[in-house]
Amino acid sequence: MNTNTQISAADREAVTAAEVTTIIGLEVHVQLQTKSKLFCGCSTLFGQEPNTQTCPVCTGMPGSLPVLNKQALKLSIKTGLALNCEIAKHTKWDRKNYFYPDLPKGYQISQLDQPICGVGYLDISDSDGAFEPKRVEIERAHLEEDAGKSSHDESGRGGKSKIDLNRTGTPLLEIVTRPDMRSAAEAKAFLQSLKMILTYIEVSDCNMQEGSLRCDGNINLHINVGGQKIATPIVEIKNMNSFRAAERALDYEVKRQLAEWKETGGTIEGAPKRTFGWDDQAEVTIAQREKEEAADYRYFPDPDLIAVVTTDEQIDAIREEIGTLPSRLRNDLVREHQLSEYDANVLVNQGRGVVDYFLSVAKTCDNSKLAINWVNQEVLRHLNETNSAIDQYPIGSDGMGDLLKRITDGDLDQTRGKDVLSAMMEDSIDAAAAIEKLGIRQVDSSELDSLCQQLLDANPKVVAQVQEGKVKALGALVGQARKINPNVNPGTLQANLRKMLGVDG
Amino acid sequence: MSNAIDRKTALHVGKLARLELTDAQADASAKHLASILSYVDQLAEVEVPEDIEPFFGATESVNAVRDDEVRPSMDRETILRNAPDSDGEFYRVPPVFG
Ligand SMILES: [Zn+2]
């Protein structure tokens, strides 16, 4: 027996959070954005009629032969490079054997000992300072085929299960981290950061609802009890189908493992890894049925497939396509466009398309500050309200840049600018046409003087307040002025009023 | 090299292959497996120079790949004809839990 059993229940009960270190490693399955499956020409399109996207290869018919999709290989290498992984020059394919109705061949084609991507890393941080910036090491990333989808009879009457094999054979990249994360918040940050990179480099849409990104977590606790270090049994949590679910499942599991250890004193020694599922409704992790036989996948090299050799030239060419990654892009935006950290974060989080839109608008209007305000507010609000992507936004970056240039040049104030934007969207016209339509024109100085006189005559109370030193009272006249002449610029108006009342400066 | 396979191992291998074996069948399978392994063991007699890289397939060629192009799938009615049971849309299998 191990010595850990000697820790008494009272000693266990006395352990505080400070003595507990959470150890988390993640396995992330990413569906690669290919048109066709990994080893056959069937479509990978989501949400089609069941069993309409299969063929003898992906249903495992005798005599059929798999042929590798080179785009899946390329996207895997691209991901590996973005995650600072070593890229294997020589990879091969192995069969992972197990029986399940959604796996028609009785084995999954995967990569055991020569994964396409080797050791790498991803740096994570939290803008609110929930944890210190840190590096999470990637153990490996290998390419494999997805299984089909089962739906089970939920009635409890033991009805048959239904199988749809459309997804069978879709390319998945399984990214495995080292157990480097120390909290659920770190794990969530890793997932968010990973997702952003994957979408930036366009290897996956990472749509969690559609299962394009799936995450399992391995978690246990290292506990220091009076100088003795013990570890709780490792639990693998499946079915964490959103980042929020992942964070909550891991947080829950920390508490559950600590409570279980305090009660039973059970440690990792001799305890096989258990599998738990996350129940999003009940907000608990639930032990899944233990398999009677320990996993025995009897991997062996797939005799139907030959090895893949990748050259330095091929890898370099893929590296060229990666472009600027999110963390670098954030720094560039702060340094070269004087954006605040906050604004840069909001922008980069929207994805490459919105960043490119901003860069183009900022260039056209030559005013990064104005551009970021309009993109992060007007444009993002519209995208959120209409639940649409930037390429569906009705005003192109040229049109937006043109509008903001007019504001920068003082032809329009921001309020009128927003009216112009609305008109541009409503009538699908450019800024010049919208300005024409709204009858916006510069107010000349004699017009401005007579407007100001009219306002002063009508508002003796405000005039009196200003003369007592309350210059701010003039703000009340802006609304009135706009009713009389919507083209008036509030800044120019107030300056002119101050001048006429002799309170300039 | 001895290739003795006991009943327990034969039952385990059977279970992995989803075969239900009686003890008599397990004993018979153990004998067959042992003889197959002995046959393959002949390969161990070949002297392999130490500087030879491991070799995983029956051919030395590499990089058989295809472009990422969608080809028509097989129509559902035809492919489901291979299934012991289906409802015309899905394969139907005995109840699976978890
Ligand atoms: Zn297919």
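Just so it is clear, the model here is predicted, and its values are computed rather than measured. So you know, we letter chains A, B, ... as the sequences are listed, proteins then strands, and number each from 1.
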K.L.:
Please look at A/Phe300 and chain B and tell me whether the side chain, the backbone, both or neither of the residue comes under 4.5 angstrom of a heavy atom of that chain.
P.N.:
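For A/Phe300, there is no contact with chain B at all, as no heavy atom is under 4.5 Å.
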
K.L.:
Could you have a look at A/Thr310, A/Thr54, A/Thr59, A/Leu305 and say which one has the most heavy-atom pairs with chain B under 4.5 angstrom?
P.N.:
A/Thr54

K.L.:
By a 4.5 Å heavy-atom criterion (distance strictly below it), what part of A/Cys40 contacts chain B: side chain, backbone, both, or neither?
P.N.:
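Looking at A/Cys40, just its backbone touches chain B.
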
K.L.:
Could you have a look at A/Asn97, A/Thr52, A/Thr44 and say which one has the most heavy-atom pairs with chain B under 4.5 angstrom?
P.N.:
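Between A/Asn97, A/Thr52, A/Thr44, the count favours A/Thr52.
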
K.L.:
Of the listed residues (A/Pro301, A/Cys55, A/Pro50), which shares the most heavy-atom pairs with chain B below a 4.5 Å separation?
P.N.:
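Of A/Pro301, A/Cys55, A/Pro50, A/Pro50 has the most heavy-atom pairs under 4.5 Å with chain B.
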
K.L.:
Which answer fits A/Leu65, side chain, backbone, both or neither, if we ask what part of it has an atom under 4.5 Å from a heavy atom of chain B?
P.N.:
neither

K.L.:
Is it the backbone or the side chain of B/Asp75 that comes under 4.5 Å from a heavy atom of chain A, or both, or neither?
P.N.:
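Nothing of B/Asp75, per the 4.5 Å heavy-atom cut-off to chain A.
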
K.L.:
Which heavy-atom pair separates B/Tyr91 from A/Leu165 by the least distance, and what is that distance?
P.N.:
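Shortest heavy-atom separation between B/Tyr91 and A/Leu165 comes out as CE1-CD1, 3.5 Å.
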
K.L.:
Quick check: do A/Pro56 and B/Met74 have side-chain heavy atoms less than 4.5 Å from each other?
P.N.:
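In short, these two side chains touch, coming nearer than 4.5 Å.
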
K.L.:
Looking only at atom types and distance, does a side-chain atom of B/Arg66 sit under 3.5 Å from a main-chain N or O of A/Leu68, one as donor and one as acceptor?
P.N.:
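Judged by distance alone, no pair lies under 3.5 Å.
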
K.L.:
Should B/Asp87 and A/Lys162 count as an ion pair when the cut-off is N to O under 4.0 Å?
P.N.:
yes

K.L.:
For the interface with chain A, which of B/Ala17, B/Pro94, B/Ala83 has the highest count of heavy-atom pairs at distances below 4.5 Å?
P.N.:
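The answer is B/Ala17.
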
K.L.:
Between A/Lys35 and chain B, which part of the residue has a heavy atom less than 4.5 Å away: side chain, backbone, both or neither?
P.N.:
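For A/Lys35, the contact with chain B is made by backbone and side chain together.
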
K.L.:
Examine whether an atom of A/Gln114 lies under 4.5 Å from a heavy atom of chain B, and if so say whether it belongs to the side chain, the backbone or both; otherwise answer neither.
P.N.:
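For A/Gln114, side-chain heavy atoms alone lie under 4.5 Å from chain B.
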
K.L.:
Got a donor-acceptor contact below 3.5 angstrom from the B/Asn63 side chain to the A/Val309 backbone?
P.N.:
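Confirmed, B/Asn63 side chain pairs with A/Val309 backbone.
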
K.L.:
Can you tell me if A/Thr34 and B/Asp68 form a side-chain donor-acceptor pair at under 3.5 Å?
P.N.:
no

K.L.:
For A/Lys149, look at atom NZ and say whether over 12 heavy atoms of other residues, nucleotides or ligands are found less than 6.0 Å away.
P.N.:
no

K.L.:
Under 4.5 Å from any heavy atom of chain A, what part of B/Glu89 do you find: side chain, backbone, both or neither?
P.N.:
both

K.L.:
List the steps and the verdict of salt bridge (charged side-chain N to carboxylate O under 4.0 Å, His left out) for A/Lys70 and B/Asp67.
P.N.:
CA-CA 6 Å; A/Lys70 67 180 181 194; B/Asp67 288 328; 2.7 Å; yes

K.L.:
Side chain, backbone, both or neither: which part of A/Lys74 has a heavy atom under 4.5 Å from chain B?
P.N.:
neither

K.L.:
Just by modelled atom types, is the A/Cys42 backbone N or O under 3.5 Å from a matching donor or acceptor in the B/Arg71 side chain?
P.N.:
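No, because the side chain of B/Arg71 does not come within donor-acceptor range (under 3.5 Å) of the backbone of A/Cys42.
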
K.L.:
Quick one: NZ on A/Lys37 to OG on B/Ser73, what's the gap to the nearest 0.5 Å?
P.N.:
6.5 Å

K.L.:
What's the shortest heavy-atom distance between A/Val67 and B/Ala64, and which atoms?
P.N.:
CG1-O, 4.0 Å

K.L.:
Are any non-hydrogen side-chain atoms of B/Val70 and A/Ser43 less than 4.5 angstrom apart?
P.N.:
yes

K.L.:
Could you give the distance from CD1 (A/Ile163) to OG (B/Ser86), rounded to the nearest 0.5 Å?
P.N.:
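Between A/Ile163 CD1 and B/Ser86 OG, I get 12.0 Å after rounding to 0.5 Å.
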
K.L.:
Would one find more than 12 heavy atoms of other residues, nucleotides or ligands at under 6.0 Å from atom CD of B/Glu20?
P.N.:
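Not more than 12 within 6.0 Å, no.
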
K.L.:
Quick one: OH on A/Tyr98 to CG on B/Leu16, what's the gap to the nearest 0.5 Å?
P.N.:
14.5 Å

K.L.:
Could you give the distance from OG (A/Ser161) to CZ (B/Phe90), rounded to the nearest 0.5 Å?
P.N.:
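Those atoms lie 11.5 Å apart.
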
K.L.:
Provide the closest heavy-atom pair for A/Gly158 versus B/Pro95 in the form atom of the first, atom of the second, distance.
P.N.:
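Answer, listing the atom of A/Gly158 first, then B/Pro95: O-CG, 3.2 Å.
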
K.L.:
Which one, A/Lys92, A/Glu49, A/Gln53, A/His90, leads in non-hydrogen pairs under 4.5 Å with chain B?
P.N.:
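The candidate making the most pairs under 4.5 Å is A/Lys92.
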
K.L.:
Determine the option with the most heavy-atom pairs under 4.5 angstrom with chain A, choosing from B/Val93, B/Leu80, B/Val62.
P.N.:
B/Val93

